[in-house]
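Order of the sequence lines fixes the chain letters, A, B, ..., with proteins taken first and strands second; residue numbering starts at 1 for each chain.
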Amino acid sequence: MRVRVRFEKTGSTRFLGHLDVMRYFQKAFRRAELPIAFSEGYHPHPLLSFAQPLSLSFTGNGEYFDIELREFVNPEDIFKRLSGVMCEDLSINRVTVLPDYKPNEKKITGMALITGAAYAISLADMPESLPEKLGGFFSEKEYKIEKTTKTGTRECNLREGVHAILLYDGGKITRIGDDGTFAFTDDDIKASLSGAMLFDNRAVIAFLDAGSEKNIPADLFLQGVFSYAGIPFDAKTRTVHRMDLFGDLEEKKVPLWMIES
Amino acid sequence: MRKLFLPDDVLLSVEKPARYTGGEVNMAVKDLSDISIRFCMCFPDVYEVGMSHLGIQILYDMFNRREDTYCERVYSPWVDLDKLMRERHIPLFSLETQTPIKEFDFLGITLQYEMCYTNILQVLDLSGIPLRSKDRGEEDPIVVGGGPCSYNPEPIADFFDFFFIGEGENGYDEVLDLYKENRANGGTRKDFLRKLSHVPGMYVPSLYEVSYHEDGTIKSFGPMYDDVPAKVEKRVAADLSDTYYPEKPVVPFLQVIQDRVTLEIQRGCIRGCRFCQAGMIYRPIRARDVKWLKDTADKMLKSTGHEEITLSSLSSSDYADLQELVCHLIDTYQGECINVALPSLRIDAFSLDVMSKVQDVNKSSITFAPEAGTQRMRNVINKGLTTEDILGGAATAFEGGWNKVKLYFMLGLPTETEEDTKGIAELAEQITEEYYKLPKDKRHGKVSVTVSTSYFIPKPFTPFQWVGMAHKEEFLNHQRLLKATIQQQLNHKSISYQWHDSDTSVMEGIFARGDRKLCDVIEEAYKRGCIYDAWTEHFHYDIWQEIMQKHGITIEFYNLRERKKDEILPWDFIDIGVTKKFLYREYERAQREEITPNCRRRCSGCGAAKFGCGVCTEPRDEFGTSLLYDGKDTGVNG
């Protein structure tokens, strides 16, 4: 059977690299005595596929991996047994069952489905003018910035990758701009802020394009809007919390766990 | 949520920040309000090395079973963090509660190899603890050392408040109870250490004084007070099937060197190789019960989720129930894709059969450790392996489909001649010839033989503790001769040769048999920036040479000279059970090229029988042979 596990990575585990998290979950399935399926060959490896890696020092509430099991286990049991073997700050919050691959079907995993991400970015010193500047940014049609990737530096339109900007202030949520691409409610936002490390309980929430096609990392967004606002940016004075990862379902971007493929 | 001690920007500017954040699976979590003793256990090397060490996991588990004690861990910060901590005056802290080390009651440092000595000072210094025991006050933790290098603690004696000599499973309760009692009675640090010196196995260096002859050798060594014992007898865990063992070891997030369950099947060795310190200090050999091992393996695999299990011991082939255990592990866990990593085994039908079950024969290699190239030399070191054993084992392996052989040797052994060195090349050549004896259709490609050499370093508590170590030039001559001899041979293309760095060996030799005079040298080297000396890229031999010269420490005195029979050796006050008389007798037998039978075949009266356990109490026949003797005079891979 195939399952998709949504997990949170917070506190001290925000300094674990992607490979270490993979190793952690492989061992966790063994501790939970859940029958992982392995690849064939002399060096069998678990059939485990992680969604987008989370940058070091970021916390996350909606992180994902897909895994194949050798036999069917009730998803409530999977959740219970896995939860029983977790360490502090790295725990699961949802298990969904995915349909089995049909013979010869191309294997699509969580990673390939991703088209969006939501971040809560908190600043040690939030400039008073920032909300207004963010509003200004959102009303622009285009804002070009330099984007550096493995293949080099190129210009990209930051504005088109930004679909909603909200302000979170001690439980109050204010919409600065929202083009309606992402499906989410205030309750979704509050729930997925669990584990975030916020200065003054305040954050800028951004819904951004993500995945292999178009990807706006949280810091690129932050640098971009700061440069738009004409405020100097220092990465040391911010925390970033990834609230969820999204994929496309019926013209909307919805959290990955809602997509059953 | 545990608060991290290091600020985010520091963690983000160092390599692998998870080395410093703790929080691993099975980490001990306790409520500090219930705790009266805080013990921090340290392995003075980087996290990935330290977390691979079984001994710390055993002691960590043992301490944490005590309700009044919370044992935490600390490792050497890597050089990148070391630099930042100094620049920003950040003190060293524990992984569990992220508490400064200075707030602990005890700092326990395991001493696994001599080249970690400057890292001990790094840990003390970054913790804000005075480097010398004499400069510490009531507020400082009690600094204790243990492990193999504590069998000659003198080169680092000034840095420790006491050393625990022997096996930690037996004795720490007495130490901790005494500590609590002393504190409850308002006793000072000095009071505690004085009382502690009465506990068997506890060496408090500050209570002993040394005087020297003009030539630098020891004139006298002894306690300064009548109530302090002159001899410190090692502690022994007599029954290894009824003692502490971590059923839930800590599972690191990072990929560490030993990322697997380690099952210690026995402690000690019956072989008596004359160069081997472990073979003497862990006498007598004690096996763990096979049923206990099977149960423990299962519990550890379930509690960790590790994908691999390995067996640990000095000479696994001497474990009586090895076959039963290995077959059980393979049958039980192979279906779960849990790899059984085999320890080094004597190459025979059994070991090749299990190797073919758990390894890819085409890729894996078989290993022999003859240690010396000629039979004469092997008799000197009491390595019972013969050329026939090696060639026979290799032939069987070649028939089974293997075509890669690894050979381990030492250069610079006592009495070694050019013939012995050339013998290494010849043995490698003979193995390649053995391969080409196979009919062509039975061969699997080309044969590959890898010869590795390290330099022989005389160690305390071995029959070679008196010998002069070879000079660096001699090492290099042997190495060049061996390389040239291999090159001249017919099958030289099938043989590759790797050798060990000689400068590190020189320093290791000095530390191994050093005395208290070295404390100044080590402290100065540390202050000049030496740390991580065990890592070739961080080892600065030129600095060490300069400082030794300044302090009048010569290689001639510490390494090259042969010690006299009646010389007081710095470690003579430690009683490991094995007597100095026995060691000297073995030294004389070595010079006569006589071999000594293993402990099971016949007892040689080494002295370890006084502990009344293990092989010394096995039932014997009328010839004095243990009923567990398997008739094999060859140990691990030899």
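- Heavy-atom distances place both the backbone and the side chain of B:T21 under 4.5 Å from chain A.
- In this structure, B:K102 places its NZ atom where more than 12 heavy-atom neighbours from other residues, nucleotides or ligands lie under 6.0 Å away.
- Residue contact with chain A, scored on non-hydrogen atoms closer than 4.5 Å, involves the backbone and the side chain of B:E336 alike.
- Open room surrounds CD on A:E128; 12 or fewer heavy atoms of other groups in view lie less than 6.0 Å from it.
- In this structure, the portion of B:L4 lying under 4.5 Å from any heavy atom of chain A is its side chain and not its backbone.
- Counting heavy atoms from C-beta outward, B:L11 and A:S57 have side chains that stay 4.5 Å or more apart.
- Residue B:E87 qualifies as enclosed at atom CD: its count of foreign heavy atoms under 6.0 Å is above 12.
- Each of B:L12, B:N26, B:V29 has some count of heavy-atom pairs under 4.5 Å with chain A, and the biggest count is that of B:L12.
- Distance CG/A:L90 to CD/B:E24: 12.5 Å, rounded to 0.5 Å.
- For the pair A:K27 and B:V251, the tightest heavy-atom approach, listed with the atom from each and the gap, is CD-CG1, 3.7 Å.
- Annotation for A:D125: atom CG does not count as buried by contact number, only 12 or fewer foreign heavy atoms lying within 6.0 Å.
- There is no contact between A:L19 and chain B, counting heavy-atom distances below 4.5 Å.
- Counting non-hydrogen atoms of other residues, nucleotides and ligands closer than 6.0 Å to NZ of B:K248 gives a total of 12 or fewer.
- Shortest non-hydrogen contact noted between B:T304 and A:R31 is O-NH1, 3.0 Å.
- Across A:R14, A:R70, A:Q26, the residue that shares the most heavy-atom pairs under 4.5 angstrom with chain B is A:R14.
- B:V25 is not listed as a side-chain neighbour of A:E88, based on a closest heavy-atom distance of 4.5 Å or more.
- Comparing B:I338, B:D9, B:L254, B:N339 by heavy-atom pairs within less than 4.5 Å of chain A, the highest count is held by B:L254.
- There is no contact between B:P7 and chain A, counting heavy-atom distances below 4.5 Å.
- In this structure, CZ on B:F253 lies 6.5 Å from OG on A:S12, to the nearest 0.5 angstrom.
- Distance check: A:D89 CG to B:R2 CZ gives 7.0 Å after rounding to the nearest 0.5 Å.
- Distance alone, capped at 3.5 Å, places no donor-acceptor pair between the A:R30 side chain and the B:L301 backbone.
- The parts of A:F15 that come within reach of chain B are both its backbone and its side chain, each placing non-hydrogen atoms under 4.5 angstrom from that chain.
- A salt bridge is defined here as a Lys NZ or Arg NE, NH1 or NH2 lying under 4.0 Å from an Asp or Glu carboxylate O, and A:R23 with B:D259 meets this definition.
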